[in-house]
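Chain naming here is simple, since letters A, B, ... match the order of the sequence lines and numbering starts at 1 in each. Hydrogens, waters and symmetry mates are skipped; everything else that's a heavy atom, side chains included, is used.
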Amino acid sequence: MTIEAPEKPRDFIREIVEEDLAAGRTQRVITRFPPEPNGYLHIGHAKSICLNFGIANEYNGQCNLRFDDTNPTKEEVEFTESIKRDVAWLGFSWGENLLHASDYFAQLYTWGEELINAGKAYVDSSSADEMRAMRGTLTEPGTDSPHRSRSIEENLDLFRRMRAGEFPDGAQVLRAKIDMASPNINMRDPVLYRIRHKSHDRTGDAWPIYPMYDYAHPLSDAIEGITHSLCTLEYEDHRPLYDWLIEDVSVPSRPRQYEFARLNLSYTVMSKRKLLGLVTEGHVHGWDDPRMPTIAGLRRRGYTPSSIRNFCERVGVAKRENVIDAGLIEFSIREDLNRIAPRVMGVLDPLRVVIDNYPAGDTEWFDTPNHVDDPSLGTRRVPFAKTILIEREDFLEDPPKKFFRLAPGREVRLRSAYFITCTNVVKDDAGNIVELHATYDPATRGGDSPDGRKPKATLHWVAADHAIDCEVRLYDRLFKSENPEESGNFLDDLNPQSLQVVQAAKLEPSVRGAQPQSRFQFERLGYFCVDSDSTPDRLVFNRTVTLKDAWAKTAK
RNA sequence: UGGGGAGUCGCCAAGCGGUAAGGCAGCGGCCUUUGGAGCCGCCACUCGGAGGUUCGAAUCCUCCCUCCCCAGCCA
């Protein structure tokens, strides 16, 4: 028996975790995923979820789901429900550890008084404008607030009265007393608490003051015993403040913050503000519109949890700014669906083919595998008859050299059925092709010729009289350019063709009754997923992703 | 201009002083009852640039260049 070499950590964060574990600095790793419930989770969050929960799983630790609900003016319960659903759907479990920053409001308040008593925080009665003016600029130091030197007693009294609701919104703030001349603007006496007379989803009207992220986050981490607090690059500048609070408050543990680069995907936007705009301004049909990069959108589109996890794994974790090629997530879903999706035949843009030498009124049922490469998925029966429908683009009257599909006089294979040869093209007065005539070779029943003939193409098809009608929604990238954020208004870059609806696609009857979220490969076309808009008598499909199309490439 | 980060193949990403992993994309070929899948092969004499240290540098030092983030009582 051979002993596997220990797998080396996949990224710099796991490397740090392993060192901490090995050195005994960490007994058991505890991470957290800390969403603010002010929007739906997107693929960028999936990266963070996979990192935080992934590390907890790999090192036998724990990952808390902690809602960063410190700003009741922006947060809604609808979002907290969607977040829980999305994390669970991705395949991760927080166990008992569904937590909220608001659970710690009392402790956080007490620590506020502690800082005041230590002379490390003060109540400032300046207006927001005045504070901005005193903050200085990137190159010039700020100036001390006139209230900076209030006595501990006065600060305590003011802070208690803030807490008691005696002041209107914006009248006072609690600030850390650090250094108004710090080159790091986050250290110029950052605001710790602000007044908001707004009821909170979880604490109701108990608090007229709410802690800022910079204050609540490190302390919440410490309360939960988080060992590695993982966040994105823009918080790098906040780390000195994070550490300052951990040092200067009597917290029960010593978490450390590490930053990694957020995920960006080409041809889409990732900021919650922009995604919110797409939803509220009606550019898409909701947060779960299949064109959205949200977890809910990807789910409805037909993405699988494992394809998203694999994608995040492939993307890696580093500190370098990045824009991931949209092709990579498409590769990940194709890879998964190729393995698991049963195959079925459907025609999106039908062209009638009448097989002249086939007996009228006959119907044959062919057994065909649900997955050519995986017999365990079984077989199904598909009906064949005199009039069939093929994909319009599979016929060309005057085919170019490398076009292998049907053409006048040419023989092709109909998947699992017969070889047919096109004998005649019927056109309307305008010259449009309306119907094809063909003959079939009875000896090729099942799709193989006893004489070893090999047609260059195999087409998908459905029997006209047995096909069921359904709606198919074809999606394209939401934006026209690779980086829509780059130039001016991202809305100007919206792709007007991002959704194309096929009202009367024709599918083989075996799909009848398929339930929402069922996924299929429509042979030669792509992967499709039953949409929740489906009704018992009308199925609606979303095209998750096309198949790779070598012909499209050579045709160009 | 102050502070904090980052620059390795078209896009990601390993590399931690011993002579450039891997994935995606791309390009050839084999195979194929999906122009799919699968299989095989090719794809960085070079690591933002210039100096230096060293037997040896993507890795260490110096200077320079480029890009990203920070002036919310948002997170």
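Within 4.0 Å (heavy atoms only), A:R405 reaches at least one base atom of the nucleic acid. In this structure, A:S126 reaches the bases: a heavy-atom distance under 4.0 Å links it to at least one base atom across the strands shown. Using a 4.0 Å heavy-atom criterion, one finds that A:S127 contacts the bases of the nucleic acid, with or without backbone contacts as well.
Summarising the base pairing, B:U32 is matched to no nucleotide, lacking a Watson-Crick or G-U wobble pair whose two defining distances lie under 3.5 Å. The base-pairing partner of B:A21, taking Watson-Crick or G-U wobble contacts with both distances under 3.5 Å, does not exist among the strands shown. In this structure, B:G7 forms a base pair with B:C65, meeting either the Watson-Crick or the G-U wobble geometry with both donor-acceptor distances under 3.5 Å. Base-pair partner of B:C27: B:G41 (Watson-Crick or G-U wobble, both distances under 3.5 Å).
The interatomic distance linking A:E482 (CD) with B:G10 (C1') rounds to 9 Å, in whole Å. Distance A:D214 CG to B:C74 P: 11 Å, rounded to the nearest Å. Atom P of nucleotide B:U32 and atom CZ of A:F404 are separated by 15 Å, given to the nearest angstrom. In this structure, A:D394 atom CG and B:G36 atom C1' are separated by 13 Å, rounded to whole Å. Look at CD on A:E15: it is 15 Å from P on B:A13, rounded to the nearest Å. Atoms CZ (A:F311) and P (B:A13) sit 11 Å apart, rounded to a whole Å. Taking atom CZ of residue A:R132 and atom C1' of nucleotide B:A71, one finds them 9 Å apart after rounding to whole Å.
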For nucleotides 23-25 of chain B, give me every protein contact, N/O to N/O, under 3.5 Å, one pair per line with atom names.
from: B:G23; atom 1: O2'; to: A:R314; atom 2: NE; distance (Å): 3.4

All N/O contacts under 3.5 Å from nucleotides 6-8 of chain B to the protein, with atom names and distances to one decimal?
from: B:U8; atom 1: O4; to: A:R320; atom 2: NH2; distance (Å): 3.2

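Every residue meeting the side-chain contact (heavy atoms from CB on, under 4.5 Å) condition with A:D201, not counting sequence neighbours, appears here in chain and number order: A:V77. Taking A:T458 as the reference, A:R413, A:R415 meet the side-chain contact (heavy atoms from CB on, under 4.5 Å) condition, with sequence neighbours excluded. Listed by chain and number, the residues in a side-chain contact (heavy atoms from CB on, under 4.5 Å) with A:E411 are A:F419, A:T421, A:R453 (sequence neighbours excluded). Contacts of A:A181 classified as side-chain contact (heavy atoms from CB on, under 4.5 Å), with partners at least two apart in sequence or in another chain: A:P141, A:D179.
Aromatic ring pairs are classed by plane angle as parallel below 30°, tilted from 30° to 60° and perpendicular above 60°; the pair A:H238 and A:Y235 is perpendicular. Between A:Y109 and A:W207, the two ring planes are tilted [angle within 30° to 60°]. A:H217 and A:Y242 have tilted rings, their planes meeting at an angle from 30° to 60° on a 0 to 90° scale.
Contact of A:D373 with B:G36 (side chain to base): a donor-acceptor pair of N or O atoms is detected under 3.5 Å. Side chain A:D237 to base B:G3: a donor-acceptor pair is found below 3.5 Å.
A:S48 and A:N52 share a donor-acceptor pair across their side chains, judged by distance under 3.5 Å alone.
Across B:G5, B:U1, B:U34, the shortest atom-to-atom separation from the side chain of A:R524 is found for B:U34. Side-chain proximity of A:N71 to B:C74, B:A71, B:C70: nearest is B:C74. The listed nucleotides are B:U34, B:C74, B:A71; the one nearest the side chain of A:T458 is B:U34.
Distances shorter than 4.0 Å separate none of the side-chain N or O atoms of A:R415 from OP1 or OP2 on B:U32. Proximity of A:R262 to the phosphate of B:G5: no side-chain N or O atom is located under 4.0 Å from OP1 or OP2.
Here A:W551 lies parallel enough and close enough to stack on the base of B:G35, with planes under 30° and ring centres under 5.5 Å apart.
Looking at heavy atoms from C-beta onward, A:E36 lies out of side-chain contact with A:F79 at the 4.5 angstrom threshold.
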